[in-house]
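Source: prediction; values computed, not measured. Numbers for residues simply follow the sequence, beginning at 1.
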Amino acid sequence: MGVVIIDGSTVRSFVEDEAQFKKSVDEAFVSLDLNNDGVLSRSELRRAFESLRLIEAHFGVDVATPPEELTKLYDSIFDKFDSDQSGTVDMEEFRNELKEIMLAIADGLGSNPIQMALEDDDKNFLKQAADREASKISG
């Protein structure tokens, strides 16, 4: 786990670098598409969001959440990603929704830098944004 200093402009800059953002999101999509059919099923997308533990922890302490509440949450997330209501999420839908999420994070962070502890995982979009910013500064 590493600590980065990040603000909204760092995240926004990462998203606005269309080539890099598209590459990062497309790589994430491919890693989630377990059966390589070019779309994400409800279970494939759920597996990804389960790994984020959106509501299962409170300041690092596990909290019991009823399974039906988790299913309701993950179904609503899937429905948001599935903008054409086809029952699957294609790469374009995935990319568009992640862009919206990242821009919302940027807006939430604002212009005041904060320290964040992030997993040392190259698939983490916030870490990629911070690494991109650091490489611009050092280069």
Side-chain angles (χ1 to χ4, degrees):
M1 185 163 298
V3 176
V4 298
I5 297 175
I6 194 167
D7 68 359
S9 66
T10 301
V11 176
R12 187 170 299 282
S13 176
F14 173 67
V15 172
E16 290 171 351
D17 180 347
E18 290 184 24
Q20 182 59 47
F21 184 72
K22 181 181 184 300
K23 179 181 181 290
S24 296
V25 172
D26 291 358
E27 287 172 358
F29 182 92
V30 168
S31 73
L32 296 173
D33 185 14
L34 300 178
N35 62 358
N36 299 312
D37 64 353
V39 294
L40 299 179
S41 66
R42 191 172 295 271
S43 64
E44 287 170 325
L45 193 60
R46 180 177 176 150
R47 191 172 299 114
F49 281 100
E50 283 176 339
S51 71
L52 297 176
R53 300 180 64 192
L54 297 173
I55 60 173
E56 295 182 47
H58 179 70
F59 296 107
V61 177
D62 285 343
V63 176
T65 304
E68 59 275 359
E69 187 177 331
L70 288 173
T71 297
K72 187 176 176 181
L73 170 69
Y74 295 128
D75 284 347
S76 69
I77 291 170
F78 182 86
D79 292 341
K80 181 74 173 147
F81 274 79
D82 184 19
S83 60
D84 65 3
Q85 304 300 300
S86 66
T88 60
V89 175
D90 63 35
M91 194 175 289
E92 188 67 28
E93 289 172 313
F94 185 73
R95 193 180 306 122
N96 290 339
E97 194 58 33
L98 277 179
K99 182 176 184 177
E100 292 287 323
I101 291 169
M102 293 300 290
L103 291 174
I105 290 170
D107 289 345
L109 289 172
S111 60
N112 295 320
I114 63 167
Q115 286 185 336
M116 293 182 80
L118 299 173
E119 295 289 331
D120 289 329
D121 179 4
D122 290 336
K123 294 179 184 176
N124 183 312
F125 295 124
L126 292 177
K127 183 176 181 311
Q128 288 181 41
D131 289 349
R132 180 180 177 279
E133 186 74 15
S135 70
K136 285 182 2 186
I137 292 169
S138 67

Shared hydrophobic cluster, Ile114 / Ile105 (ILVMFWY, side-chain heavy atoms < 4.5 Å): yes
Between CD1 on residue Ile101 and CG on residue Asn96, distance to nearest 0.5 Å: 11.0 Å
Residue pair Arg47 / Leu32, side-chain heavy-atom distance below 4.5 Å: no
Leu109 reachable from Leu98 in the ILVMFWY side-chain graph, under 4.5 Å edges: yes
Residues in side chain to side chain donor-acceptor pair (under 3.5 Å) contact with Asn35, at least two apart in sequence or another chain: Asp37
Considering all heavy atoms, the nearest Asp82-Val89 contact: N-CG2, 3.9 Å
For residues 2-12, tabulate all N or O donor-acceptor pairs below 3.5 Å that involve a side-chain atom, not counting sequence neighbours.
unit_1 : atom_1 : unit_2 : atom_2 : d
Asp7   : OD1    : Ser9   : N      : 3.2
Asp7   : OD1    : Ser9   : OG     : 2.8
Asp7   : OD1    : Thr10  : N      : 3.0
Asp7   : OD1    : Thr10  : OG1    : 3.0
Asp7   : OD2    : Ser9   : OG     : 3.3
Arg12  : NH2    : Asp107 : OD1    : 2.3

Pairs where residues 88-116 contributes a residue and the test ring-ring contact (aromatic ring centres under 6.0 Å, His included) is met, not counting sequence neighbours: Phe29-Phe94, Phe81-Phe94
Summary of salt bridge (charged side-chain N to carboxylate O under 4.0 Å, His left out) pairs that have at least one residue in residues 83-93, sequence neighbours excluded: Glu92-Arg95
Residues which pass side chain to side chain donor-acceptor pair (under 3.5 Å) with Lys23, listed by chain and number, not counting sequence neighbours: Glu27
Contact list for residues 2-27, test ring-ring contact (aromatic ring centres under 6.0 Å, His included), sequence neighbours left out: Phe14-Phe21
Minimum heavy-atom distance between Gly87 and Phe78, given as atom pair plus value: O-CZ, 3.4 Å
Heavy atoms of other groups near Glu18 CD, more than 12 under 6.0 Å: no
From CG (Leu45) to CD1 (Ile77), nearest 0.5 Å: 7.5 Å
Interatomic distance, Thr71 atom OG1 to Arg42 atom CZ [nearest 0.5 angstrom]: 10.0 Å
Between CZ on residue Arg46 and CD on residue Glu44, distance to nearest 0.5 Å: 14.0 Å
Validation row: Val25, Phe125 side chains within 4.5 angstrom (heavy atoms): yes
Rounded distance (nearest 0.5 Å) linking atom OG of Ser13 with atom CZ of Arg132: 3.5 Å
Shortest non-hydrogen contact between Asp79 and Gln85, atoms and distance: O-NE2, 3.7 Å
Shortest non-hydrogen contact between Ser111 and Pro113, atoms and distance: O-CD, 3.4 Å
Interatomic distance, Thr88 atom OG1 to Asp33 atom CG [nearest 0.5 angstrom]: 10.0 Å
Lys136/Glu133 ion pair, N-O < 4.0 Å: yes
